[in-house]
Structures are given as C-alpha cells and as structure tokens.
Amino acid sequence: MAKGSSATVFYKEVDDAIARNPPDVSDLVVLKRLCEAVEAGDKSAVVQLTRDLVKLSGVEDPLHAISYELFYALMARVLLKGWFEEFDLLISWPQTRFGSRNKRVAGNWHGIVTIVKDQPQTVDLLTGTNREKEWQRALNGLGGAMRHFAKVDLPPAVKPGVRSEGPSFDQRVLPEQLLEAIEQFYRLLQVIFQQLLELALAKLERDSDDAAGLRKLQDLQLSLWMLLSPTEIPKDAKAGKVLDELKLQNDRRTMILNKVIRVTEFRYGRGRAKLHRFLDAFPPHNARNVIFNSLDRDDTDEPNVRGERIGSIQVSRDRQLAYFLVTYGHTWELNSRPTPVHLFRRALIKGRLGGRLRLVENDELIAFLYSSFAETLAELTRQATTAVDKSKAGAHAWRETVDIASVYFGQVTTHSRLNLTEGPPNYLTHTFPRNLIGKLLHDCGVHSVRSAYVLLSLLNRINAAHSELAGPVRARWVRLPLHVGMLIQTSNFGVVVQHNEYSSVTDNDELKRTMTAWEQTTHEPDPLDPGDAELKFHEDLTANGFSSDLDMPISSVPILAIGEPVTTHTIWNSYQKKVVPSQLFTRLVGASNAPQYQFDVRYLRLSELEREWYNRHVLRFWNTDCFDIWANSASVLTSTSISDKEYEKHKQAYMKALNGTLDKVQDSYEDQIQPEKKKLSKALRDDKTLLLPRVRIVEAARLETVLPAVEKVVDHLSEISQPNFRLQPDFVPPFARKEEVLLEVP
C-alpha cells in the first residue's frame with residue numbers, strides 16, 4: 001500500500017491491476033473511481049460509486065485479487081471523513097467467503113485500526129499540518145466505531161455460580177474489536193489534544209492574555225463529551241422502539257465511559273537485565289523514559305500497569321483546562337465576569353512576572369510560588385485590622401501557597417503506582433515520561449524530592465526577603481513501609497506534611513490543639529526531652545496523613561545539615577545517601593524461606609484493599625448519595641421566600657438524609673478496612689524480629705481518622721446545624737460542585 005508520498009496514491013495497486021488485466025477491468029474501474037473520489041473529497045461521487053461497488057462481487061476476481069489492505073485503506077479514509085452510510089456499506093461488503101459476518105467485519109475493523117495505529121500519517125492523522133482538522137477526523141473515527149458498537153449484539157453475561165464455557169469466539173470477536181477501535185480512536189484524540197494544549201500553553205507563556213488556544217480546546221472537549229455522554233431521556237417519553245433504542249444507546253455509551261484503557265506506554269524488560277521502562281505516551285515514545293519495577297518481590301516478570309476509565313480521563317482533561325485557565329487569570333466560561341481570584345492572578349502575572357508565566361521547570365515553579373506568596377502576604381497585610389491579623393498574615397499566605405503547589409503537582413503529575421528507579425538520573429534534572437493525559441509519571445520518591453527542593457527553596461526566599469518571616473526551617477525525609485514522605489517544620493508557619501502530590505499545612509495553633517489530644521491518648525512513654533517528643537508527634541502526624549488507624553514502623557532523618565544550601569545536587573545527594581539505602585525491616589522480609597517473607601508488602605496489599613473500598617463506597621457516597629440528597633433539597637434550602645419554620649423543617653430532613661449516608665460510608669470503613677488495619681497492626685507488634693533497632697512503631701490511635709470526603713460533609717453539617725442558619729441563594733455544597741467530583745483511583 002502507498003505510504004502517502006506525493007509520487008504515489010494509496011490505490012496504486014488498483015492502477016497496476018487495471019494495467020495487467022485488460023480488457024476485463026470494469027469492476028476495477030469502479031473501485032478506482034471510488035478511490036479517486038474519496039481522495040478528492042467528492043462526497044456526491046462517493047455516495048453513488050460506493051453503491052455501484054457493493055453491487056459487484058468482492059469474492060470473485062478481479063476485485064477478490066485486490067489486497068485486503070487496499071480495502072482497509074479505503075474504508076479508513078471514508079470513516080475519517082465521517083461518511084458513515086457509505087462506510088457501513090463498505091465494511092459489510094464481503095471480499096471473502098470464509099468466516100462468519102461478525103468475523104469478516106471484525107477483520108475489517110482490525111485492518112482499519114492497524115493503519116490508524118501504525119501509519120496514521122497515510123490517512124492524514126498526526127501530520128501536524130492542521131491539528132483541528134485531524135481532531136475532527138479522529139472524532140469521526142470514534143463516532144463511527146461507537147455507532148457500530150451501539151448496534152452490535154453483545155455476548156450474554158456469564159451468570160455467577162453457573163458453569164459455562166463462556167461466549168463463543170463468534171459472539172466475542174466483533175464487540176471486542178469495536179471496543180479496541182474505540183480505545184484507539186480515543187487515544188488518538190488525546191494525543192492531538194496534548195499537541196494543541198502544548199501550543200496553547202506556549203502562547204500563554206508569551207502573553208498571559210492569549211487564552212484562545214485553551215478556549216478552542218474547551219470547544220473540542222465539549223464535542224467529545226457530547227459524543228460520549230448518554231442522552232437525557234424525557235420524563236414523558238412513551239414506551240416503544242424509539243425509547244428502547246435510546247436506552248440501549250445510553251447503556252452502550254455508559255459502557256464506553258466505564259471502559260478502562262491504557263494510559264501509559266511501557267516496555268517490559270527482556271533478557272538478563274530485565275529493565276522495565278515507562279515510556280512517553282506521545283510519539284516518539286522513547287523520547288522520555290524511566291526504569292520501573294514492582295515493590296512485590298514475586299512480581300518481576302510483567303508487573304501490572306493499570307489503565308484508567310475513559311470517563312475519568314474526560315473529567316481530568318476538564319480539570320486540566322480549568323487549572324490552566326485559572327492559573328493565568330481566566331474564567332471557565334468565556335463571557336463570565338472575573339472573580340477576585342482571577343483578577344488577583346492577572347495582577348500577579350502582570351505586576352510581578354512581567355506579563356509572562358511559564359511553569360515547566362522547578363525553578364520556574366519556585367519563582368511563581370514566591371510571587372504568589374509575596375502578593376498574598378501584601379494583600380492580607382493590607383486587609384488586616386488588628387495586630388493579631390498582621391502577625392498571622394504570613395502563615396495564611398504560606399498555607400495558600402502550599403495549596404497552590406499541591407494543585408500544581410496534582411494537575412501536572414500522576415502516581416506511577418509502581419516503583420521508579422532509585423538510582424540516577426537525578427529526579428530534579430530528569431525529564432520524566434508522561435501518560436496519555438499529559439501528566440508526568442512520578443512515584444513517592446520523585447514527589448518527595450521535587451517537593452523538598454521546591455518548598456525548601458521557597459522558604460529560603462521568603463526568609464531572605466521578609467526578615468526571617470518563616471523562622472528556622474527543619475525538614476526530614478520520613479520513611480514508612482514501601483513509602484517515603486516529607487516533613488517540614490518552621491517556627492512561625494507550622495508544619496508541612498507531604499505525601500506524593502499532596503502537601504498540607506498545619507499551623508501552630510492547630511498543632512497545639514492536636515498535640516494536646518495526642519499527649520492524652522498515649523499507651524506508651526514519650527521522650528522526656530521536649531524536642532524529641534515534638535519530633536515524635538510530627539512523625540505520627542506525617543504517618544497519619546498517609547494512612548489513618550494503622551500502626552506502622554517509621555523513621556526519619558534530616559534532609560540537610562544546618563547551613564547546607566538547597567540545590568538540585570544537595571537534595572538529590574541527601575535522598576541517595578539517606579533514603580535509598582535506609583530500611584525499616586530486618587532481612588527476614590526478603591527471605592523467601594522465612595515466615596516474615598513479604599511482610600512489608602502486606603502494607604501495599606492493604607492500601608490496595610482500601611483503594612477498592614474507596615472506589616466502591618466513597619465515590620458513591622460523595623458523587624451519588626450526597627449529590628442526590630442536595631439535588632432534591634437545593635431549591636428549598638436556597639430559597640428566600642419560605643418561612644423560617646418551613647425552612648427549618650426541610651433543613652432537618654436534609655441533615656437527617658446526609659447523616660444517614662454518612663453513617664453508611666463510615667460503617668463500611670469500620671466493617672471492611674479497620675479490622676484489616678487492626679490485624680496488621682497486631683501482627684507488627686507481636687513479632688519482635690521484624691524491625692531494625694531504633695525503628696519505632698506509630699501508635700495510630702493517638703490521632704483521628706482522616707477521611708477527607710467525610711470531614712467535608714461533617715463540616716458542612718456542623719455549619720448549617722446552627723440555630724436560625726439559612727443558606728445563601730448561590731450556595732453549593734462541595735459534593736455538588738463539578739470541580740470536586742471524585743474520580744476513581746486507578
């Protein structure tokens with residue numbers, strides 16, 4: 001088949017066949033004219049010529065002698081044009097007598113997908129000449145595959161407990177191939193989206209007012225949502241064929257949104273070295289890479305690399321666009337009035353950053369965060385009406401700045417779920433591969449190293465520019481089973497606890513309250529030295545931020561010596577010397593003949609159990625149960641026209657419903673997760689041979705359980721439970737805000 005060069009055409013094979021077979025070439029002439037019309041974009045000619053072609057026999061020569069690849073190339077071009085009726089005729093037209101119809105059609109889809117994957121430029125995809133046009137072509141491909149999937153017969157589900165050999169090959173082959181086509185076209189759309197996003201961001205980096213590229217991406221993302229999303233069925237829709245078809249289509253679209261697809265490129269190691277590598281998800285795939293392995297010692301051959309649901313990817317892309325729009329001071333809706341947050345960010349970029357903002361390198365992020373801190377501090381100081389408010393302005397500005405850093409890492413990075421190389425390259429200078437959503441692949445170590453460099457550099461700048469405003473800074477690596485986090489203590493700003501992409505600030509007032517409760521619940525002696533006792537408390541606080549209700553071994557070491565500068569070399573050198581060789585457990589956990597073998601991996605498996613619980617229970621609690629309760633009460637609770645007595649009655653009913661679903665999710669945690677945590681905690685404490693000397697165990701019961709979604713609902717209930725409290729007409733609780741929809745943890 002032709003490669004798309006200017007000197008050849010994709011149907012050269014047909015030209016050659018005509019030259020070899022005079023005078024009996026009339027069937028071939030029809031095929032050639034159809035190919036020419038497709039290349040020319042002549043829709044009216046294609047309509048007629050397609051119908052002429054399918055009247056001919058594709059299972060007999062001379063058409064049968066034409067390669068399948070030629071027909072795949074023709075069908076791919078028609079599909080990407082969006083000429084679905086003609087495509088349907090071609091893909092069902094037989095070129096062979098062998099196999100069932102399902103097998104023949106599936107073979108055609110496989111051939112089309114192969115071209116799109118292996119030779120996209122030959123069908124005007126990923127050429128870089130007109131990316132918006134290529135987006136539409138890929139969208140046509142996805143739409144065509146979805147049209148077929150909406151009508152195909154799915155194999156019957158295997159009933160639990162019933163012995164069955166499962167669906168036959170003929171039943172599976174076409175649905176499975178259509179889902180493969182859907183995944184491939186969707187992946188292609190994400191590649192094009194990323195290309196357009198990078199171009200849009202490059203324009204914003206030069207001119208923070210130029211959001212046209214992001215606005216175009218919003219339009220493209222909306223068109224994709226419209227294709228994928230189920231259609232709202234009118235409440236008065238009458239039963240019948242039309243309603244049944246609509247329900248079937250919605251069921252199939254829901255299946256597609258729930259389909260888990262590959263979002264990470266990877267290459268499993270072969271041979272003696274067996275180095276598995278994550279690769280960049282965007283061509284050329286080996287441009288960025290990093291070695292990975294499983295934390296499970298028995299999982300060495302091909303560790304499982306998880307995918308993500310299409311629906312979750314869609315939401316992630318929405319949030320990505322929203323993040324960059326807000327970062328540069330733009331609203332989500334084009335014509336919306338900017339809020340104070342947007343105006344603040346615009347003034348920050350124009351006033352402190354000269355109208356240009358770039359967030360790619362660590363040092364660029366530090367400069368942005370410092371500017372944000374300085375401007376926030378100045379604004380809070382201007383607004384302060386008391387000496388107390390002025391004294392707390394720095395701590396408040398610091399908390400907001402750390403939140404900005406967390407949001408940044410949450411949007412530009414993703415957890416690899418597998419262990420990345422502990423050796424070179426330096427995490428602070430290496431270019432990490434990205435997943436299909438354009439997020440850099442990091443593990444806990446990479447996140448800790450980057451966060452340490454960024455936050456410690458930021459604190460140095462703050463202290464240098466604002467007369468030791470943060471006060472003395474002490475930072476430590478914190479080792480937990482198969483995990484590393486970070487702890488930063490400042491005299492005036494409180495404590496930062498960091499795990500993966502998330503960092504949280506606990507100010508000094510909150511620290512005092514929490515430490516008082518911590519001191520009162522101990523079952524074991526604390527150090528007599530106040531500094532050592534405080535460090536123990538901070539370590540426990542860090543452990544609790546990683547996993548509540550679980551006793552864990554813990555150790556920590558200073559990141560830098562007093563007076564040691566914060567540089568990419570010193571942070572990396574500290575990680576290499578202090579974290580990489582450090583251990584919590586004795587060698588028994590690695591001895592395959594010992595009862596303690598893989599004891600540390602039990603923590604990993606418990607986290608997997610908690611992940612499954614979270615996806616099953618917390619997502620339903622937040623996204624469905626709480627949302628539905630609010631939806632049923634919102635019009636009354638935000639009304640200004642009903643009496644206080646009537647309002648109170650509805651508010652109490654609303655609170656009762658929320659408390660009911662709150663109890664339900666808490667009960668599920670106490671029934672399914674807490675017993676497993678208690679079991680592992682007991683096993684750790686009972687075996688005195690597991691831990692190395694001087695490695696202590698966190699007493700988890702000393703601190704409260706941390707379930708952020710639950711805490712937000714509890715805070716909401718606490719707020720509205722006050723006597724005579726009424727919600728404002730524009731109030732929306734967190735679980736009803738689009739930007740706070742919880743996504744499945746992959």
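Only heavy atoms go into these numbers, but all of them, side chains included; no hydrogens, no water, no symmetry mates. As the structure is a computational prediction, the values presented were derived from the model and not from experiment. The first residue in the sequence is number 1, and the count goes up from there.
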Could you tell me if the ring centre of [X] sits under 6.0 Å from that of [Y]?
X	Y	value
H499	H483	yes
W622	F627	no
F432	H442	yes
H716	Y654	yes

Original post:
Please walk me through it: do L480 and Y603 pass side-chain contact (heavy atoms from CB on, under 4.5 Å)?
Top reply: CA-CA 10 Å; L480 294 165; Y603 288 90; over 6 Å; no
**OP:** Start with the C-alpha distance between D207 and R356, add both sets of side-chain angles, then the distance that settles salt bridge (Lys or Arg N to Asp or Glu O under 4.0 Å), and finish with yes or no.
**Re:** CA-CA 6 Å; D207 179 1; R356 294 189 176 188; over 6 Å; no
Should [X] and [Y] count as side-chain neighbours, where that means a heavy-atom distance under 4.5 Å?
X	Y	answer
S721	M655	yes
Q666	V710	yes
L418	D443	no
I182	M146	yes
H447	Y502	no
L325	T331	no
E676	E610	no
E744	E308	no

Original post:
Think R726 forms a cation-pi with Y647, using NZ or CZ under 6.0 Å from the six-ring centre and within 45 degrees of its axis?
Top reply: yes
Original post:
Do the side-chain N and O atoms of E646 and H650 include a donor-acceptor pair separated by under 3.5 angstrom?
Top reply: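 H650 and E646 do have a side-chain donor-acceptor pair below 3.5 Å.
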Original post:
So, Q190 versus Q194: side-chain donor-acceptor pair below 3.5 Å or not?
Top reply: no
Does [X] reach the main-chain N or O of [Y] with its side chain, forming a donor-acceptor pair under 3.5 Å?
X	Y	answer
R702	W518	yes
K439	G410	yes
R253	S229	yes
R399	V505	yes
S457	V454	no
S548	V706	yes
R434	L441	no
Q672	Y669	no
S668	V665	yes
Y323	V412	no

Salt-bridge criterion met for [X] and [Y] (N-O under 4.0 Å):
X	Y	result
K677	D549	no
R187	E265	yes
R352	E375	yes

Please give me the minimum heavy-atom distance between [X] and [Y], naming the atom from each residue.
X	Y	answer
T705	E711	O-OE2, 3.9 Å
F493	A470	CE1-CB, 3.4 Å
L348	F368	CD2-CE1, 3.9 Å
S503	V402	CB-CG1, 3.7 Å
L658	C626	CD2-SG, 3.9 Å
L727	L637	CB-O, 3.5 Å

Subject >> Partners meeting side chain to side chain donor-acceptor pair (under 3.5 Å) with W332 (sequence neighbours left out) >> reply: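 Per chain and number, W332 pairs via side chain to side chain donor-acceptor pair (under 3.5 Å) with no residue.
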Original post:
When rounded to the nearest 0.5 angstrom, what is the spacing between CE in M486 and CG in N500?
Top reply: 11.5 Å
**OP:** Evaluate side-chain hydrogen bond (donor to acceptor under 3.5 Å, both in side chains) for Q249 paired with R252, printing each intermediate quantity in order.
**Re:** CA-CA 5 Å; Q249 184 184 67; R252 298 297 170 87; over 6 Å; no
**OP:** For the pair L717 and V714, evaluate side-chain contact (heavy atoms from CB on, under 4.5 Å) and give the outcome as yes or no after the intermediate values.
**Re:** CA-CA 5 Å; L717 285 167; V714 170; 5.6 Å; no
Subject >> Worked check of ring pair (Phe, Tyr, Trp, His ring centres under 6.0 Å) between W630 and F735 >> reply: CA-CA 9 Å; W630 170 254; F735 43 78; 7.2 Å; no
Original post:
Would D318 and W225 satisfy side-chain hydrogen bond (donor to acceptor under 3.5 Å, both in side chains), going step by step from the backbone distance to the final call?
Top reply: CA-CA 10 Å; D318 278 346; W225 266 120; 2.9 Å; yes
Original post:
Does L199 have any side chain to side chain contact (heavy atoms under 4.5 Å, CB included) partners at least two apart in sequence or in another chain, and if so, which?
Top reply: R131
Subject >> Audit row: W398, N492, side-chain contact (heavy atoms from CB on, under 4.5 Å) steps and yes/no >> reply: CA-CA 10 Å; W398 173 244; N492 301 326; over 6 Å; no
**OP:** Please report the C-alpha distance between K203 and D210 in whole Å, then the side-chain angles of each, then the deciding distance to 0.1 Å, and finally whether the salt bridge (Lys or Arg N to Asp or Glu O under 4.0 Å) criterion is met.
**Re:** CA-CA 6 Å; K203 291 181 179 179; D210 189 358; 5.2 Å; no
**OP:** Start with the C-alpha distance between E205 and L357, add both sets of side-chain angles, then the distance that settles side-chain contact (heavy atoms from CB on, under 4.5 Å), and finish with yes or no.
**Re:** CA-CA 5 Å; E205 289 165 4; L357 171 62; over 6 Å; no
**OP:** Tell me, with the steps shown, if E183 and K259 meet salt bridge (Lys or Arg N to Asp or Glu O under 4.0 Å).
**Re:** CA-CA 9 Å; E183 174 175 349; K259 176 176 170 55; 3.7 Å; yes
**OP:** Using the side-chain hydrogen bond (donor to acceptor under 3.5 Å, both in side chains) rule, take Y186 and Q314 through it: C-alpha gap first, then chi angles, then the decisive distance, then the call.
**Re:** CA-CA 10 Å; Y186 186 80; Q314 284 291 105; 2.7 Å; yes
Original post:
Can you name the one residue among N615, D625, T661, L742 that meets side-chain contact (heavy atoms from CB on, under 4.5 Å) with R620?
Top reply: D625
**OP:** Take Q498 and S448 through the side-chain hydrogen bond (donor to acceptor under 3.5 Å, both in side chains) test and state the conclusion after the steps.
**Re:** CA-CA 7 Å; Q498 176 271 328; S448 288; 3.0 Å; yes
Subject >> Chi angles and distances behind the salt bridge (Lys or Arg N to Asp or Glu O under 4.0 Å) call for E719, K712 >> reply: CA-CA 11 Å; E719 178 187 21; K712 288 184 180 181; over 6 Å; no
**OP:** Might you confirm whether atom CD of Q383 has over 12 heavy atoms from other residues, nucleotides or ligands at distances under 6.0 Å?
**Re:** yes
